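Labels below follow one simple rule: chain letters A, B, ... track the order of the sequence lines, proteins then strands, and each chain is numbered from 1. Since the model is a prediction, treat every value here as computed from it, not as a measurement.
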Amino acid sequence: MDKLDMELLNFLQNSFPVESRPFITLGNQLGITEEEVIGRIGVLKENGYIRRIGGIFNSAKLGYFSTLCAMKVPENRMMEVVEVINRYNSVTHNYVRNHTINLWFTLIVSSEEKMKAILEDIKFKTKIDEILNLRAVKVFKVKTVFNMVEV
Amino acid sequence: LLSQLDKNIIRKLQDELPLIPEPYKAIAEDLGITEGVLLERVKELQKEGILRRLGAILHHRKAGYDANAMVVWVVPDEKILNAGEIMSSFTQVSHCYQRVASPGWPYNMFIMVHAKTKQECEEIVCKIADATQVYEYEFLYSTDEKKKSSMKYFMED
């Protein structure tokens with residue numbers, strides 16, 4: 001990872017060109033060829049710096065809404081419970097956190113009914129009756145761009 | 001309302017953009033449209049704010065952000081707007097949501113803080129507490145990432 005890679009990552013996050021030959025434009029900004037841009041991106045992906053190159057959508061504008069859910073899972077049951085929860089496409093994030101309420105996941109769904117059905121299904125399959133369902137009231141900020149920092 | 005074509009485009013863009021000289025052309029061919037039409041629709045989706053961002057999504061730990069904390073706050077109703085704006089103004093805060101409180105869960109404001117170290121995270125949170133005058137908060141550090149994926153729209157469970 002050199003300075004050029006860092007600049008490339010910043011460009012790739014902030015302004016991926018919507019035009020026929022996007023990698024030429026990126027290359028021009030960095031003073032390298034299209035081929036080198038593609039090569040470097042390939043390496044950055046292989047090394048795990050880039051998770052994906054693609055679109056991030058506004059779920060509300062697509063008729064979806066998201067909610068944050070949390071539950072208390074006994075340590076010895078964590079694996080099986082995680083397995084049940086991760087199986088849903090609607091579950092996008094799932095983290096163990098250092099709190100008595102220790103499993104936190106987000107759910108993105110297209111309807112209230114769907115949300116209820118999934119939560120009921122999770123309760124039934126895990127035999128854990130209590131799931132906190134922390135619906136968003138107001139979104140103040142969502143930022144998904146990380147400027148590369150010197151490491 | 002979204003057209004079938006827009007939904008098809010969204011299904012493609014939520015996937016991996018092909019790493020080839022003409023990625024849009026390849027997608028357009030898959031969808032049976034011209035590259036020109038695709039580029040125009042993508043720009044339109046961006047303009048309407050439906051496509052929030054197109055580009056690279058990083059593993060932020062790899063980007064040098066090793067400490068990632070969720071911080072939850074009890075903010076009195078009359079302070080919510082002000083506190084939300086102040087918290088959002090910190091560059092290290094990536095997400096700031098007001099959420100419903102619940103019996104046994106009094107916290108109604110949630111932020112994600114990203115920094116290089118835990119200590120740095122904690123310093124930022126102290127600053128936020130002073131700036132908002134909200135002192136009832138708790139840190140929840142992730143100890144294990146079990147799933148992190150991008151939502152796949154129009155592909156229901």
- Query: For the residue pair B:Pro103 and A:Leu132, what are the closest heavy atoms and their distance?
  - Reply: O-CD2, 4.5 Å
- Item | Under 3.5 Å donor-acceptor, A:Arg52 side chain and B:Asp15 backbone | yes
- Message: Using heavy-atom distances under 4.5 Å, tell me whether A:Leu44 contacts chain B through its side chain, its backbone, both, or neither.
- Response: neither
- Spatial distance of atom CZ (A:Arg135) from atom CD (B:Gln98) [nearest 0.5 Å]: 13.0 Å
- Query: So do the side chains of A:Arg97 and B:Met70 get within less than 4.5 Å of each other, counting heavy atoms only?
  - Reply: yes
- Given ring-ring contact (aromatic ring centres under 6.0 Å, His included), test A:Tyr64 with B:Tyr153 step by step and report yes or no. CA-CA 9 Å; A:Tyr64 285 72; B:Tyr153 296 99; 4.9 Å; yes
- Query: Between A:Lys61 and B:Glu48, is any pair of side-chain heavy atoms under 4.5 Å apart?
  - Reply: no
- Heavy-atom proximity to chain B below 4.5 Å, by part of A:Asn102: neither
- Which atoms of A:Ile38 approach chain B - backbone, side chain, both or neither, heavy atom under 4.5 Å: both
- If you measure from CD1 on B:Ile10 to CZ on A:Phe57, what distance do you get to the nearest 0.5 Å? 5.0 Å
- Query: Taking side chain as C-beta onward, heavy atoms only, is A:Arg51 less than 4.5 Å from B:Ser150?
  - Reply: yes
- Message: I need the A:Ile108 CD1 to B:Met151 CE distance, nearest 0.5 Å.
- Response: 5.5 Å
- Query: Of A:Thr92, A:Asn86, A:Asn94, A:Val91, which meets side-chain contact (heavy atoms from CB on, under 4.5 Å) against B:Ser149?
  - Reply: A:Thr92
- How far does CD1 of A:Ile85 sit from NZ of B:Lys147, to the nearest 0.5 angstrom? 10.5 Å
- Message: Looking at B:Ser94, is its backbone amide N or carbonyl O close enough to the side chain of A:Lys141 to form a donor-acceptor pair, meaning the two atoms are under 3.5 Å apart?
- Response: no
- Message: Taking side chain as everything from C-beta outward and backbone as N, CA, C, O, which of these in A:Ser59 sits under 4.5 Å from a heavy atom of chain B? Side chain, backbone, both or neither.
- Response: both
- Message: So, taking the atom named CG in A:Asn98 and the one named CZ in B:Phe139, what distance separates them when rounded to the nearest 0.5 Å?
- Response: 10.5 Å
- Query: Can you tell me how far the CD1 atom of B:Ile50 sits from the CG atom of A:Asn58, to the nearest 0.5 Å?
  - Reply: 8.0 Å
- Task: Measure the shortest side-chain to side-chain distance between A:Phe140 and B:Leu81 over non-hydrogen atoms and say whether it is less than 4.5 angstrom.
- Result: yes
- Message: Taking side chain as everything from C-beta outward and backbone as N, CA, C, O, which of these in A:Glu19 sits under 4.5 Å from a heavy atom of chain B? Side chain, backbone, both or neither.
- Response: backbone
